[in-house]
Every structure is written in structure tokens, then in C-alpha cells.
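If you read the sequence from its start, that first residue is 1, and numbering goes on from there. The structure presented is a predicted model; accordingly, all values stated were derived computationally and were not measured.
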Amino acid sequence: MRIYKGGVEMDNLQQIENESKKNIEQRDIAIIGLACRFPKAKDKDEFWNNLMNGVDCVSEVPKNRWNSEEFYSQDIKEQNKTYCKWLGALENIDLFDNQFFNISPREASNMDPNQRILLQEAWHCVEDSAIPLSELQRATTSVHVGSVAYDVYHPAKADVSTASGTYYFMLANRISYCFGLTGESQTMDTGCSSSFVALNSACRSLLDHSSDYAMVGGVNLHMSPYKYTTWSKSRMFSMSGKCHTFDKDADGYVPGEGVGVLLLAPFEKAIQNKNKIYAVIKGCAINHGGQALSLTAPNVKAQKSVIESAYRQTTFDPSTVSYVEAHGTGTSLGDP
């Protein structure tokens, strides 16, 4: 007796399901290189230790950025003032080995610190992957960077290298140029989601075979009080200097700095080449909330939809997921 389901013989149905699962798994993306710098953490190991030990990495804005007391006021309505004077700050952002990257001292002095620290961590990521740069150059390696262009760096004097040192589209281009990488090179600014949108772009580039490897990064520095004096008017920042995400005491978030770079490759290729694999990206999806209560308010239906879209790309049951990392803003608007 032959058993049929929906007009398809069961043996054939099982074969179809196995082929479908295999095709989905062929879309897996491996993270094969990793480098980062975060407040009070010069590399991924210190960052992990800080997370494990619950280290508070927030302090008052360093004096070498701006005088926080000069711009501080508890009166939220006072113009060009902010009630927030706290920051998770990176250290030594002025240190840069320009000769290593074959960059002249004059050009280096005109480079936005975002470009410099991103270039450094991109190199550390290549080192961490143990893949020779010559291999990335022979292959098609794309670069995808997410950053928010609200805090533009202005050198004291302008010359021929000022434009290339300060425009944000150069964040990705600088890496491609210095490393000799010939794949697509993109810098994208989508606000808080910039780094994730860059990751999504990198995955798409690998899945449609536009690139063999993809480098994806995000960088964020605070070089002026402009963000503080403007966003304070929307009460986005925490008055207490702490981010109480999903808590009744949530009163906003605390700005933080950081830079992170990943090197991606198709999972099957990473297995074949015996690369070190940190994690596997099974699904990746983005969308927009469309119209909501306000321009910055989240849309629950849209968030549900994009999560389901990511799950549909995988072979596992969503009920088996045991950990979720949320973008908790620490505000009454964003947390729900």
C-alpha cells in the first residue's frame, strides 16, 4: 500500500522536505573573524569579562571630548544645554599607527577618529580570522559599515585630504582601499539599526554570490555635545546615568561608544576551509514600522512580522529559542 499526503507519495514528500532543509542550510552564514573595542574593553576578551562580571562601564564625559559641566543643566528647556553628562567612552581614540596603513601624518591628522579606529579593528579582525589578506584580495570581499552621521568631525585646517577624511561614506571605502578589497563597499546610516542593516546587507551579498567574503562593521563615537543638547529635548537620555531597560524606573538610555568588525563567509565554505567559526547566522531580516504613533515610535505588528520573516529562513522551531537579545531603549516609548 502506498501512502499519499496532498497528492504526493510519502517517500517523495520526505525527499522534498530533506532537499528543502538542505537548501535552507546552504544559506547559513558563518562568522569567522571578530574584533571589537568597547568602553573599558580594548578587545573581545575584556568585553566578555566585563559582561560576565557586570562591570559598569559608564562615567562622566571625558574632559578631552568637551566640558560636560559647561553644557549641563537640570532644566530640560534651557537651550544648548543637556541634563545628561554620562557616556560609555572609548579610551585612546587619538592613537593611530599611520605608517602601518601607509597613511601620511598629514592625512592621518585629517581623518575622522571613526575612520581610524574602524580601520584598526578591521585589521584585527583579519588577523583574528587567520585568513591571509592576500586570500581576501584574490577573492571578492565586500565591506559593509553601519554608522550614524550626526557628529561630523571637523579638522582645524582643510586641505586636499580633508574631504576623504571626514565624509561618512568613506568609512567602508577606506577599508576597501587600504586592504585592496574589490567587492562592493557600502556605508549605511539607519539610526540605531545601522550596524544590523549593514550585517543584513553583508549576508545578502554572500547569499546572492556577489561576494566570497564579507566584512561588516559598526562604529560610534561622540566628538561633540550636539547629540546631547538636541536629544535631551526629547527626553531620550537617562537623568540618573543608568539604563533601566524593561524596568519601572526606566527614564532613558545612556550614550555609549564602540567599534566592532566581523568577517563572514558561507558556512559550507568555512567548514571546507576549516576556518574558526564563532557563530552561524541562520536567518536575517529587516523592515520598517511604517506609520505609528510618531516618527520614532515602534510598531509592534511590524516587529512581529520581521521576526517571523527571519525564522522562516531557518530549519528550527522558534519555540526552541532560549535566549533573545533585545534592543531595550530604557524608555517608556521604546520598551513596550
Side-chain angles (χ1 to χ4, degrees), residues 13-36 44 47-48 51-52 121-122 125-126 128-131 136 139-146 183-184 186 188 190 192-218 258 260-289 298-328:
L13 180 63
Q14 185 64 49
Q15 182 179 356
I16 292 172
E17 290 177 348
N18 291 339
E19 287 294 325
S20 176
K21 183 177 180 180
K22 181 179 179 181
N23 290 336
I24 292 176
E25 291 177 342
Q26 287 177 342
R27 297 174 59 84
D28 289 352
I29 304 295
I31 300 175
I32 60 175
L34 169 63
C36 63
K44 63 179 185 294
F47 179 54
W48 176 252
L51 289 174
M52 293 297 291
E121 293 312 306
C125 179
V126 173
D128 181 74
S129 72
I131 298 176
L136 299 179
T140 301
T141 303
S142 58
V143 179
H144 311 258
V145 174
E184 57 192 288
Q186 305 171 331
M188 47 205 73
T190 59
C192 301
S193 61
S194 296
S195 295
F196 183 78
V197 173
L199 176 68
N200 186 74
S201 175
C203 290
R204 287 183 178 180
S205 181
L206 292 170
L207 292 174
D208 67 16
H209 306 293
S210 296
S211 58
D212 304 305
Y213 295 97
M215 184 175 290
V216 55
V261 183
L262 307 174
L263 185 63
L264 310 180
F267 178 70
E268 289 188 339
K269 179 178 181 179
I271 292 294
Q272 180 181 351
N273 293 340
K274 298 181 180 179
N275 297 132
K276 171 174 54 180
I277 297 177
Y278 284 101
V280 177
I281 301 171
K282 306 286 291 185
C284 194
I286 60 175
N287 72 353
H288 192 278
N299 184 320
V300 174
K301 290 183 178 180
Q303 291 180 338
K304 177 177 181 290
S305 174
V306 77
I307 292 172
E308 290 175 339
S309 177
Y311 279 134
R312 282 194 295 269
Q313 301 173 30
T314 71
T315 56
F316 60 84
D317 187 334
S319 66
T320 63
V321 174
S322 59
Y323 179 87
V324 175
E325 174 116 3
H327 175 63

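For the atom pair S210 OG and E184 CD, the distance stands at 5.5 Å (nearest 0.5 Å). Taken to the nearest 0.5 Å, the OG atom of S195 stands 10.0 Å off from the CE atom of M188. One finds the CZ atom of F47 at 10.0 Å from the CG atom of L34 (value rounded to the nearest 0.5 Å).
Here the shortest heavy-atom pairing between M215 and V261 reads CG-CG1, 3.6 Å. Here the shortest heavy-atom pairing between F196 and A285 reads CE2-O, 3.3 Å. Closest of all the heavy-atom pairs between C36 and K44 is SG-CA, 3.5 Å. Nearest heavy atoms, Q313 versus G283: OE1-CA, 3.5 Å. Here the closest heavy-atom approach between residue G33 and residue S129 is recorded as CA-CB, 4.0 Å. Closest approach of I281 to C203, counting heavy atoms only: CD1-SG, 4.0 Å.
Inter-residue side-chain proximity for N287 and S305 is flagged as met; some heavy-atom pair is nearer than 4.5 Å. Inter-residue side-chain proximity for L136 and L263 is flagged as met; some heavy-atom pair is nearer than 4.5 Å.
Just one residue in the list L207, L262, L199 forms a side-chain contact (heavy atoms from CB on, under 4.5 Å) with I29, and that residue is L207.
Under a 3.5 Å cut-off, the side chain of K269 and the backbone N or O of Y213 do not form any donor-acceptor pair. D28 places no side-chain N or O within donor-acceptor distance of the main-chain N or O of V280, the cut-off being under 3.5 Å. No donor-acceptor distance shorter than 3.5 angstrom exists from the side chain of N273 to the backbone of N275, with no hydrogens or angles considered. Between the side chain of N299 and the backbone N or O of K301, at least one donor-acceptor pair lies under 3.5 Å.
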Could you walk me through whether L264 and I32 satisfy the side-chain contact (heavy atoms from CB on, under 4.5 Å) test, starting with their C-alpha distance in whole Å, then the side-chain angles of each, then the deciding distance to 0.1 Å, before giving a yes or no? CA-CA 6 Å; L264 310 180; I32 60 175; over 6 Å; no

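Legend: salt bridge (charged side-chain N to carboxylate O under 4.0 Å, His left out) pairs involving residues 192-213, not counting sequence neighbours: none detected.
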